[in-house]
Amino acid sequence: MAINRVEIKDFLVFKGEFAADFCPGVNVLIGENGTGKTTLLKCFYGATDTIGYTTSRYFDAPGFVDSKDDVYISRVTYDVPYEQYNIQRKEISRSENYSNIAVFMSTSEEWERINDEFFAKINEIASHSEDGKKLNDEYRANPLSFNVNKKSVMIPSAEMLSHSRGMLAMYYERKMPFDQTQIDILVKAQFPETREIKPNAKRILGKINEIIGGEVFYENDMFYTLKKNGERVYFTLEASGYQRFGLLWKLLRNGLLEKGTTLLWDEPENSLNPELIPELVDILLELSRNGVQIFIATHSEILASYFAVNRQKGDSVMFYSLYRDGEQIKANASERFDILEPNNLTAEPVKLYEKEIEKGLGGNG
């Protein structure tokens, strides 16, 4: 599965109509704060998450909806071009005055194995049947008993594994108002490891092993890195930059970043020493070569530039600049980061250089 296009109308920061096309490889989103980068990631996650779960995620777009709030996505449209299932489009509506979010996805070999039972459950939920409501209640009561969505992974900007102890219990039993994406990443990191490690994943796991000096494990409601010398370092004490790589290691080891999946990562540069950024970029490019579609929202010129420099012939990489035109959010796209406009990531270093020159010439006294 790959996200090809998004269309949004009157939703949160997206006033009026917004549309953008995406590549099947790495998609790098830049833009000022408040231009919708994280919102787009959550829209994509909401679409793929709905497809992956067998419960009523049509009405719970992650990160947007709280049962106590009046704001919700009242209609989400998914184009699923699978003629063999006679499913062209699903439209779920809760209000006459609704916002539209349409996410268009392409087929994959994985989708061909989806069976009729799955769609029967989705249809039960969509039609508000008693069986559908029962499934939703069962999920709310015991979410870990349901299949984890293997179609997409969203890594939020906040580091979550060091906060694992008791967090899911607080969320599900005490109804603490955490962002759904933060909860989901904890659930996925706790997912059982696969019996077999595929060769491509094994190669990337080896690279991360060298960076963090060990492997990541989950035990007694806590994550830790088992270093090569036998030392056990819990994530609460692990270097923050290594935590980012450690989470990626665990998701790979759990089989959640395989061909046909989507990785959505909000500000992966957080806490990373600049010398580790090219290592991360190479790992993400290799994941994309293995069939993982990747969306990155970033404020780092270094990160974006390394995608431009480290890409190899045949790599699919696109850069997108989200910007305001009056009240509307628009997007420009380019295969080249250096000619992408507007580009606040490259503009600010130029401003800094000009100030340094001015100061050197005595412009500031």
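Everything numeric here is computed off the predicted structure, so don't read it as measured data. Computed over heavy atoms, backbone and side chain alike; hydrogens, waters and symmetry mates excluded. Numbers for residues simply follow the sequence, beginning at 1.
- At least one donor-acceptor pair under 3.5 Å links the side chain of Gln293 to the backbone N or O of Ile3.
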Open item on the list: Test side-chain contact (heavy atoms from CB on, under 4.5 Å) on Phe295 and Val26; report intermediate values, then the result.
Closed with: CA-CA 6 Å; Phe295 289 85; Val26 179; over 6 Å; no
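- Pairs of residues two or more places apart, or lying in two chains, that qualify as side-chain hydrogen bond (donor to acceptor under 3.5 Å, both in side chains) and include a residue from residues 13-29 are Arg5-Asp21, Asn27-Tyr320.
- The shortest side-chain heavy-atom distance between Ile296 and Pro268 falls under the 4.5 Å cut-off.
- With a 4.5 Å cut-off on side-chain heavy atoms, Phe319 and Asn343 do not count as touching.
- The shortest non-hydrogen separation linking Ser152 to Tyr45 is OG-CD1, 3.2 Å.
- The neighbour count for Glu32 CD, taken as heavy atoms of other residues, nucleotides or ligands under 6.0 Å away, does not exceed 12.
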- [ ] Evaluate the criterion side-chain contact (heavy atoms from CB on, under 4.5 Å) for residue pair Val292 and Thr262; output intermediate values, then yes/no.
- [x] CA-CA 6 Å; Val292 179; Thr262 302; over 6 Å; no
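- The environment of Glu356 atom CD is dense: over 12 non-hydrogen atoms of other residues, nucleotides or ligands sit within 6.0 angstrom.
- No donor-acceptor distance shorter than 3.5 angstrom exists from the side chain of Ser334 to the backbone of Phe337, with no hydrogens or angles considered.
- Ring geometry for Phe44 versus Phe22: interplanar angle over 60°, hence perpendicular rather than tilted (30 to 60°).
- Looking only at distances, a side-chain donor or acceptor of Ser288 sits under 3.5 Å from a matching main-chain atom of Leu285.
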Open item on the list: Run Lys42 and Met154 through side-chain contact (heavy atoms from CB on, under 4.5 Å) and show every step you take.
Closed with: CA-CA 8 Å; Lys42 288 183 176 180; Met154 179 166 177; 3.8 Å; yes
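- Looking at Thr298, Thr181, Thr38 one by one, the single match for side chain to side chain donor-acceptor pair (under 3.5 Å) with Asp266 turns out to be Thr38.
- Evaluation of the ring pair (Phe, Tyr, Trp, His ring centres under 6.0 Å) test over residues 236-273, restricted to residues two or more places apart or in two chains, returns none.
- Side-chain heavy-atom separations under 4.5 angstrom define the hydrophobic clusters, and the remaining members of the one that includes Leu237 are Val233.
- Under the 4.0 Å criterion applied to side-chain N and carboxylate O atoms, Lys228 and Glu210 are assigned as salt-bridge partners.
- Residues passing the side-chain hydrogen bond (donor to acceptor under 3.5 Å, both in side chains) test with Arg311: none are found, sequence neighbours excluded.
- At least one side-chain heavy atom of Asn209 sits under 4.5 Å from a side-chain heavy atom of Glu215.
- Listed by chain and residue number, Gln243, Ser271 satisfy the side-chain contact (heavy atoms from CB on, under 4.5 Å) test with Ser240 (two or more places apart in sequence, or in another chain).
- Counting only heavy atoms from C-beta outward, the side chains of Ile8 and Ile329 never approach each other to under 4.5 Å.
- Under 3.5 Å, the side chains of Asn33 and His299 contain a donor-acceptor pair of N or O atoms.
- Using a 4.5 Å cut-off on side-chain heavy atoms (C-beta onward), Arg253 and Thr194 make contact.
- A distance of 6.0 Å separates CG of Leu41 from CG of Leu29, quoted to the nearest 0.5 Å.
- More than 12 heavy atoms of other residues, nucleotides or ligands lie within 6.0 Å of CD1 in Ile197, so this atom counts as buried by the packing criterion.
- Residues Lys37 and Gly31 approach most closely at NZ-O, 2.9 Å, considering heavy atoms.
- Clustering of Ile, Leu, Val, Met, Phe, Trp and Tyr by side-chain heavy atoms under 4.5 Å joins Tyr224 with Phe217, Met222, Leu226, Tyr234.
- Using a distance-only test at 3.5 Å, with no hydrogens or angles considered, a donor-acceptor pair links the side chain of Ser321 to the main chain of Pro342.
- Atoms CE and CG, on Met160 and Asp184 in that order, are 10.5 Å from each other to the nearest 0.5 Å.
- Using a cut-off of 4.0 Å between Lys/Arg side-chain N and Asp/Glu carboxylate O, Arg244 and Glu238 are scored as not salt-bridged.
- Separation of atoms CG (Asn332) and CG (Leu322) is listed at 9.0 Å; rounding is to 0.5 Å.
- Annotation: side chain of Thr261 is not in contact with side chain of Val153 (no heavy-atom distance under 4.5 Å).
- Contacts of Lys250 classified as salt bridge (charged side-chain N to carboxylate O under 4.0 Å, His left out), with partners at least two apart in sequence or in another chain: Glu193.
- Taking the ring pair (Phe, Tyr, Trp, His ring centres under 6.0 Å) definition, one finds that Phe307 meets it with nothing, sequence neighbours left out.
- With contacts defined as side-chain heavy-atom distances shorter than 4.5 Å, the pair Tyr323/Lys330 qualifies.
- Placement of Leu257 and Val187 within a single hydrophobic cluster is found when ILVMFWY residues are connected by side-chain heavy-atom separations under 4.5 Å, directly or transitively.
- Contact check for Phe235 versus Val216: side-chain heavy atoms found under the 4.5 Å cut-off.
- Note that the CD atom of Glu286 and the CG atom of Asp315 stand 10.0 Å from one another [nearest 0.5 Å].
- Annotation: the span from Leu247 atom CG to Leu252 atom CG amounts to 10.0 Å, rounded to 0.5 Å.
- Although no hydrogens or angles enter the test, the distance criterion places a donor-acceptor pair under 3.5 Å between the side chain of Glu159 and the main chain of Leu161.
- Checked against side-chain contact (heavy atoms from CB on, under 4.5 Å), Glu341 has no partners two or more places apart in sequence or in another chain.
- The side-chain hydrogen bond (donor to acceptor under 3.5 Å, both in side chains) search around Arg324 returns none, not counting sequence neighbours.
- Interatomic distance, Lys198 NZ to Arg203 CZ, rounded to the nearest 0.5 Å: 13.5 Å.
- Counting heavy atoms of neighbouring residues, nucleotides and ligands inside a 6.0 Å radius, atom CD of Glu327 does not exceed 12 of them.
- For the residue pair Glu269 and Ala297, the shortest heavy atom distance occurs at OE1-O, 4.5 Å.
- Of the possible donor and acceptor atoms, none in the side chain of Asn254 sits under 3.5 Å from a partner among the backbone N and O of Leu256.
- The minimum heavy-atom distance between Thr35 and Val13, with the atom names listed, is C-CG2, 4.4 Å.
- Closest non-hydrogen pair, Pro278 versus Asn310, comes out as O-ND2, 3.9 Å.
- Evaluation of the ring pair (Phe, Tyr, Trp, His ring centres under 6.0 Å) rule for Tyr306 yields no partner, not counting sequence neighbours.
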TODO: Might you work through the salt bridge (Lys or Arg N to Asp or Glu O under 4.0 Å) test for Lys207 and Glu279, ending with a clear yes or no?
DONE: CA-CA 9 Å; Lys207 290 182 178 180; Glu279 302 284 350; over 6 Å; no
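- Applying the salt bridge (charged side-chain N to carboxylate O under 4.0 Å, His left out) rule to Lys202 yields no partners; only residues at least two apart in sequence or on another chain are considered.
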